[in-house]
Amino acid sequence: AQSVTQLGSHVSVSEGALVLLRCNYSSSVPPYLFWYVQYPNQGLQLLLKYTTGATLVKGINGFEAEFKKSETSFHLTKPSAHMSDAAEYFCAVSQISSASKIIFGSGTRLSIRP
Amino acid sequence: GAGVSQTPSNKVTEKGKYVELRCDPISGHTALYWYRQSLGQGPEFLIYFQGTGAADDSGLPNDRFFAVRPEGSVSTLKIQRTERGDSAMYLCASRRTGGSTEAFFGQGTRLTVV
């Protein structure tokens with residue numbers, strides 16, 4: 001069975017500050033990992049994904065995440081927050097298989113203070 | 001179409017009625033997912049299709065929920081005898097075969113049971 005835990009349902013940072021959103025996963029097999037962003041009243045949009053290879057993954061809008069197998073983590077970071085980053089962020093895990101469901105975490109709402 | 005299309009975007013129904021929610025995936029995507037998202041929560045997996053068959057329906061909450069994908073393209077989520085607790089955003093996503101690919105989400109159908 002797979003699961004995702006996102007620590008912190010709400011994170012608030014100042015504009016220009018570092019953004020760190022935490023994600024830990026549980027998987028009995030090597031996982032594929034994803035971060036999605038959801039703006040109000042919109043669907044989910046992929047930020048970045050880890051499948052194989054380089055453990056530091058870069059995504060859109062300046063976000064990146066690092067897969068740490070020993071810590072079963074896939075934390076999302078951005079060096080400098082922008083007001084437009086305010087949204088809900090979801091971490092997700094999937095198995096390495098063509099037939100695999102995707103399990104989402106409960107989400108972290110990111111607020112940006114001026 | 002260019003993206004995943006869900007209709008209707010909003011549905012208000014009376015308790016006890018039957019509803020159908022439609023999802024039109026990206027052309028050529030063999031995998032199709034249904035999720036339910038309540039306010040402030042992450043997407044909750046309901047069912048996953050690979051082609052015409054349900055590969056995993058373990059997330060369907062009870063036998064009032066059913067989904068079909070008869071020709072391996074459009075899918076319909078059917079809810080019988082709706083209850084107020086069924087009120088949520090229902091999200092559909094499609095994915096090319098292969099676990100390394102991301103799922104693309106539609107804008108969702110907001111279901112309100114009154």
Side-chain angles (χ1 to χ4, degrees), chain A residues 1-10 21 23 25 27 29-54 57 59-60 65 67 87-111, chain B residues 1-7 9-10 21 23-26 29-60 67 88-110:
Chain A
Q2 296 178 301
S3 66
V4 175
T5 301
Q6 291 185 242
L7 298 175
S9 59
H10 182 211
L21 305 184
C23 172
Y25 69 90
S27 179
V29 298
Y32 287 151
L33 295 160
F34 307 85
W35 275 99
Y36 281 83
V37 61
Q38 186 176 36
Y39 297 101
N41 299 314
Q42 293 191 24
L44 279 74
Q45 177 186 3
L46 183 74
L47 271 180
L48 49 78
K49 65 179 180 181
Y50 167 78
T51 55
T52 58
V57 180
I60 62 172
F67 171 60
E88 190 86 20
Y89 292 80
F90 296 97
C91 182
V93 64
S94 172
Q95 291 186 8
I96 301 176
S97 165
S98 62
S100 176
K101 62 187 179 186
I102 307 170
I103 301 300
F104 284 83
S106 56
T108 297
R109 182 164 61 91
L110 176 64
S111 299
Chain B
V4 177
S5 176
Q6 291 188 246
T7 53
S9 56
N10 279 284
L21 311 181
C23 174
D24 201 338
I26 294 172
H29 282 195
T30 56
L32 185 146
Y33 302 79
W34 283 100
Y35 289 86
R36 178 169 68 176
Q37 186 178 25
S38 300
L39 201 61
Q41 301 295 316
E44 174 193 5
F45 171 78
L46 295 177
I47 186 170
Y48 155 60
F49 287 90
Q50 185 67 25
T52 60
D56 187 335
D57 64 358
S58 61
L60 293 177
M89 177 72 83
Y90 288 82
L91 298 170
C92 176
S94 70
R95 191 185 195 187
R96 283 188 292 112
T97 298
S100 66
T101 60
E102 69 265 30
F104 292 84
F105 281 81
Q107 297 289 82
T109 293
R110 181 165 296 284

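The analysis underlying the following values was restricted to heavy atoms, covering all of them including side chains, and did not include hydrogens, waters or symmetry mates. Residue numbers start from 1 in every chain, and the chains themselves are labelled A, B, ... in the order their sequence lines are given, proteins ahead of strands.
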Reported OG-to-CD distance for the pair Ser9(A) and Gln41(B), which is rounded to 0.5 angstrom: 9.5 Å
Spacing of CZ belonging to Phe104(A) relative to OH belonging to Tyr35(B), to within rounding of 0.5 Å: 5.0 Å
Approximate separation, where rounding is to 0.5 Å, of Thr51(A) OG1 and Glu102(B) CD: 10.0 Å
Interatomic distance, Ser94(A) atom OG to Tyr48(B) atom OH [nearest 0.5 angstrom]: 8.0 Å
More than 12 heavy atoms of other groups within 6.0 Å of Ile60(A) CD1: yes
Those residues that, when tested against Ala67(B), pass side-chain contact (heavy atoms from CB on, under 4.5 Å) (two or more places apart): Trp34(B), Ile47(B), Phe49(B), Leu77(B)
Option that, when pairs with chain B are counted at under 4.5 Å, heavy atom only, ranks first among Ile103(A), Leu46(A), Ile102(A), Val4(A): Ile102(A)
Atom group of Tyr50(A) that falls short of 4.5 Å from chain B, counting heavy atoms: neither
Non-hydrogen side-chain atoms of Pro43(B) and Gln38(A) separated by less than 4.5 Å: no
Heavy-atom pair count under 4.5 Å with chain A, highest-scoring of Gln37(B), Arg110(B), Met89(B): Gln37(B)
Set of residues satisfying side-chain hydrogen bond (donor to acceptor under 3.5 Å, both in side chains) with respect to Gln107(B), sequence neighbours excluded: none
Contact summary for Tyr33(B) and Lys101(A), nearest pair of heavy atoms: CE2-CA, 3.7 Å
